[in-house]
Amino acid sequence: LDNKVEKGGAAIVMDPKTGEILAMAVKPDFDLNAPFTLKPEVQAEVDKLDSTTKKERIGQEVSKMWRNKAIVDSYEPGSTFKIITSAMGLEENMITPETTFNCAGAYTVAGRAIKCWRYYRPHGLQTFKQGVQNSCNPVFIDIGLRAGADIFYNYVKGFGFLERTGIDFDGETQGIFHQKKNMHELEVATASFGQGFQVTPLQMIAAASAVANGGKLLKPHLVKQIVDVEGNTIKNVEPEMVRQVISQQTCDILKPVLESVVSEGTAQNAFISGFRVGGKTGTSEKLPRGQNNYIASFVGMAPCNDPRVVVILVLDEPKGKDYYGGIIAAPVVGKIMDDVLRYLEVEPQYNDSELSKLEVGVPQAVGADVSEAKSRMTEAKLTAKIIGNGKTVLEQTPKAGVKILEKSQVLLYTEAAQAKANVTIPNLTGKSVLDATKALNAIGLNIRVSGAGQVTKQDPPAGSTVVVGSIVAVDFRAQSQEVGVE
C-alpha cells in the first residue's frame, strides 16, 4: 500500500534443492470462497453498463482477477538478470571476482551510448565483485560482448528462458526473447543487464535457484504428494532436474558475490540479522520508455552458504515515493525470508556485530527485592535504574517479556505513586543505527531496530510524549538507486 503498486505484484518462495514452490502469492487477489465476486469499486462500474456490455465486462474482470501474475505475466527482468550474465562470465572463465572494469558513465555499442544508472557520477575503476554490488551496467555490457551472441544465447537457453518451466499449473507462459539470428551487438549489450526481453517471475526464480543449488535447473512443482481419503500415499513428486547449467565451482564463486550485494551493495534493505542473504535488485522501465512506468524487483537466496530458500518479488508500476527494487522490493523479500527461515527452523548464525545488537526479553522484576531485580537484569544483559528508596520493586518500564536490545536500561520503581518523567521523542529521520540509538538513550528511551541503513520510519512519531524507559520502534533502510537506462 505504501508503494501504491498500480498493476499488482507477484511473489514466489522456492526450495532450490527440490524445486518445490513453498509459497506463491499475487496481488490483486480474490476470495477463493466467492471467485466470481468482484471488488465493490469494480462492481460499481459494471453496474452502470447496459446488459450486453455488462456481461462482457464481467467476464473480463473475472479473468483479470484470476490471472496468476507469477506464471502468466512476463516482464523485463532488469538487473536481476545480471545474476545470469555473471554466471556465464564466471563459467566461461572470462572473469573472476577481482577482474577490473572501468565505468565512465556510459558504454558505446554500435554507435549508441548505453548509460549506467549512475551516469551522472560514474563508478570508475572497480572489480567485478564491486560492479555487481554497484549494479553497474557497463560491467555487464562488457561481459556480454566478450561472450558474444552465440555463447550468450546458449546460456539464456540453458537457464530455461526459452521454454516453459513445466510447472503443474495451467496457463504458464515462457516470456519473450530475441531470435538467435537477430542477436547483434546492441541486443547482446542491452540483454546483458536485463533489458529488451521479457521473462516470467517463475522462470527467473528457477534460474536463480540453479545458482543456489550448485548449477542444477530444476522443474518447479506445487504438488509434493498425493494421498487418498484414508491418508495412504498414492504418489510422491520427486525433484526433477532439467539440466546442469553451470558448475558447482561457479556457484561457489558467485554466491559470496551476491551476498556482498546485500551486505555492501544495492540490496542492503534485504539484510537479515543472523542469516547470510544474497541476491540482486532490479529496476526496469516498461515500454514505451519515458512514461515513468517501472517494474521493481528483487531475487534473494538464504542462507548463502547453503541456500534453503529463494524468493522473488515483482512489483508492477509502483507509484509511491520510490520505485527502485533495492528500496521497495528488497526489504519485503528480507521479511519474507526471515519468516520462512525461522518457520523452517534454520539455525541463525550471528556475527560479532549482530550479536551485540540481539534483542532480549525483559525479566519480571515486580515483587522482587532490589538486589534480586538488579541481578535478573544483569543476567539478561540489561542495566537497571532504581527509582525510589523502597526495598521491593513495585513497577517496571518496560514491562516483563518485552523485547529490547541488550544493554538497554530498565527502570525499576520501588515506591508507590512515583511520578514518571515524560520525554519528547526526537526526529530520527536520516540517522544511522548508532546515532539513533545514542539520541534515544541520551533521554532515557530504548530502541527496537528493524533493517539497516538510515531511519525512514519511527513509532511513536517524532514529537510524541512518552514515559522514560519506553521503546521506540525504528525502521532503517539503505537509500540506493539503480535502473537500466538505454
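What you are looking at is a predicted structure, and each value in this text was computed from that prediction instead of being measured. For this chain, numbers begin at 1 and follow the sequence in order.
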Worksheet item: Would you call Glu76 and Arg289 a salt bridge, taking side-chain N to carboxylate O under 4.0 Å as the test?
Response: yes
Discussion item. Quick check: do Lys286 and Asp316 have side-chain heavy atoms less than 4.5 Å from each other?
Written reply: yes
Discussion item. For a quick test of reading the model, state the closest non-hydrogen atom pair linking Leu344 to Arg308 and the distance between them.
Written reply: CB-NH2, 4.1 Å
Worksheet item: Between Asn422 (side chain) and Thr465 (backbone), is there a donor-acceptor pair under 3.5 Å?
Response: no
Worksheet item: Got a sec: does the CD of Gln179 have more than 12 other heavy atoms crowding it under 6.0 Å?
Response: no
Fill in: Check: Glu240 side chain, Gly19 main-chain N or O, donor-acceptor pair, under 3.5 Å
no
Discussion item. Return the CZ to CD distance between Arg477 and Gln268, rounded to the nearest 0.5 Å.
Written reply: 13.5 Å
Item to complete: Measure the OG-CD1 distance between Ser209 and Ile12 for me, rounded to the nearest 0.5 Å.
Response: 9.5 Å
Practice prompt. Assess whether atom CG of Asp170 is packed by more than 12 heavy atoms of other residues, nucleotides or ligands within 6.0 Å.
Written response: no
Item to complete: Check step by step if side-chain contact (heavy atoms from CB on, under 4.5 Å) holds for Val62 and Phe30.
Response: CA-CA 9 Å; Val62 168; Phe30 61 95; over 6 Å; no
Response to the item:
Distance col, row Met183:CE vs His178:NE2, nearest 0.5 angstrom, shows 6.0 Å
Worksheet item: Stepwise, does the side-chain contact (heavy atoms from CB on, under 4.5 Å) test hold for Ile471 with Asn446?
Response: CA-CA 5 Å; Ile471 300 169; Asn446 295 307; 4.2 Å; yes
Worksheet item: Is any side-chain heavy atom of Asn292 less than 4.5 Å from a side-chain heavy atom of Tyr294?
Response: yes
Practice prompt. Examine distances only and state if a side-chain atom of Asp322 and a backbone atom of Tyr324 form a donor-acceptor pair shorter than 3.5 Å.
Written response: no
Worksheet item: Is the backbone N or O of Val72 less than 3.5 Å from a side-chain atom of Asn68, with the two atoms forming a donor-acceptor pair by type?
Response: no
Discussion item. Side chains of Thr165 and Glu172: any donor to acceptor distance under 3.5 Å?
Written reply: yes
Worksheet item: Ion pair present between Glu6 and Lys319, side-chain N to carboxylate O less than 4.0 angstrom?
Response: no
Item to complete: Provide the closest heavy-atom pair for Val423 versus Ile443 in the form atom of the first, atom of the second, distance.
Response: CG1-O, 3.7 Å
Worksheet item: Are Ile167 and Leu222 close enough, and set up right, to give a side-chain contact (heavy atoms from CB on, under 4.5 Å), and what steps lead you there?
Response: CA-CA 7 Å; Ile167 190 172; Leu222 286 161; 4.0 Å; yes
Worksheet item: Take atom NZ in Lys157; do more than 12 heavy atoms of anything else shown fall under 6.0 Å from it?
Response: no
Worksheet entry | For the student: nearest non-hydrogen atoms of Val109 and Ala189, plus distance | CG2-CB, 3.9 Å
Worksheet entry | Gly290 backbone acceptor or donor facing Glu285 side chain under 3.5 Å | yes
Worksheet item: Does the Thr80 side chain pair with the main chain of Phe298, one donor and one acceptor, at a distance under 3.5 Å?
Response: no
Discussion item. Let me confirm one number: the NZ-OG1 distance from Lys69 to Thr200, rounded to the nearest 0.5 Å.
Written reply: 12.0 Å
Worksheet item: Tell me the ring-ring contact (aromatic ring centres under 6.0 Å, His included) pairs involving residues 195-225, sequence neighbours left out?
Response: Phe81-Phe197, Phe177-Phe197
Worksheet item: Looking at Leu162 and Gln174, what are the two nearest heavy atoms and their distance?
Response: O-NE2, 3.4 Å
Item to complete: Could you tell me which non-hydrogen atom of Pro303 sits nearest to which non-hydrogen atom of Val346, and how far apart they are?
Response: CG-CG1, 3.9 Å
Item to complete: May I ask you to decide if Gly326's main-chain N or O and Asn269's side chain share a donor-acceptor pair within less than 3.5 Å?
Response: yes
Discussion item. Between Lys54 and Asp47, is the side-chain contact (heavy atoms from CB on, under 4.5 Å) condition met? List the steps.
Written reply: CA-CA 7 Å; Lys54 184 176 182 178; Asp47 290 340; 3.6 Å; yes
Discussion item. Can a donor-acceptor pair be found, under 3.5 Å and without considering hydrogens, that links the side chain of Glu187 to the backbone of His184?
Written reply: yes
Fill in: Asp339 and Lys335 ion-paired at < 4.0 Å
no
Fill in: Audit row: Lys280, Ser135, side chain to side chain donor-acceptor pair (under 3.5 Å) steps and yes/no
CA-CA 8 Å; Lys280 190 71 196 69; Ser135 197; 2.8 Å; yes
Discussion item. Just so I know, are the side chains of Leu202 and Ile21 near enough to count as touching, which here means a heavy-atom distance under 4.5 Å?
Written reply: yes
Worksheet entry | Member of Lys115, Lys82, His123 meeting the side chain to side chain contact (heavy atoms under 4.5 Å, CB included) criterion with Asn137 | Lys82
Worksheet item: With no hydrogens and no angle check, is any side-chain donor or acceptor of Thr85 less than 3.5 Å from a backbone partner on Ser192?
Response: yes
Discussion item. Less than 4.5 Å apart, side chain to side chain, heavy atoms only: is that true for Thr37 and Asp31?
Written reply: no
Worksheet, complete the sentence: Here the gap from Ile141 atom CD1 to Tyr107 atom OH, rounded to the nearest 0.5 Å, amounts to 7.5 Å
Item to complete: Kindly indicate whether the side chain of Tyr323, heavy atoms from C-beta on, has any atom under 4.5 Å from the side chain of Glu317.
Response: no
Discussion item. Quick one, Asn134 and Arg118 - any side-chain contact, counting heavy atoms below 4.5 Å?
Written reply: no
Discussion item. Between Thr53 (side chain only) and Asp50 (backbone N and O only), is there a donor and an acceptor less than 3.5 Å apart?
Written reply: no
Practice prompt. Could you tell me which non-hydrogen atom of Val277 sits nearest to which non-hydrogen atom of Cys304, and how far apart they are?
Written response: C-SG, 4.2 Å
Discussion item. Rounded at 0.5 Å granularity, tell me how far CD1 in Ile425 sits from CG in Leu440.
Written reply: 7.5 Å
Discussion item. Does either side chain, that of Thr266 or that of Thr281, offer a donor lying less than 3.5 Å from an acceptor on the other one?
Written reply: yes
Worksheet item: Would a 4.5 Å heavy-atom cut-off, applied to side chains only, mark Glu45 and Glu61 as touching?
Response: no
Worksheet item: Is it true that Lys17 and Asp306 make a salt bridge, defined as a side-chain N closer than 4.0 Å to a carboxylate O?
Response: yes
Discussion item. Assess whether a salt bridge exists between Arg243 and Glu163, defined as any Lys/Arg side-chain N lying under 4.0 Å from an Asp/Glu carboxylate O.
Written reply: yes
Practice prompt. Taking the side chain as every heavy atom from C-beta outward, state whether Asp73 and Lys7 have any atom pair closer than 4.5 Å.
Written response: no
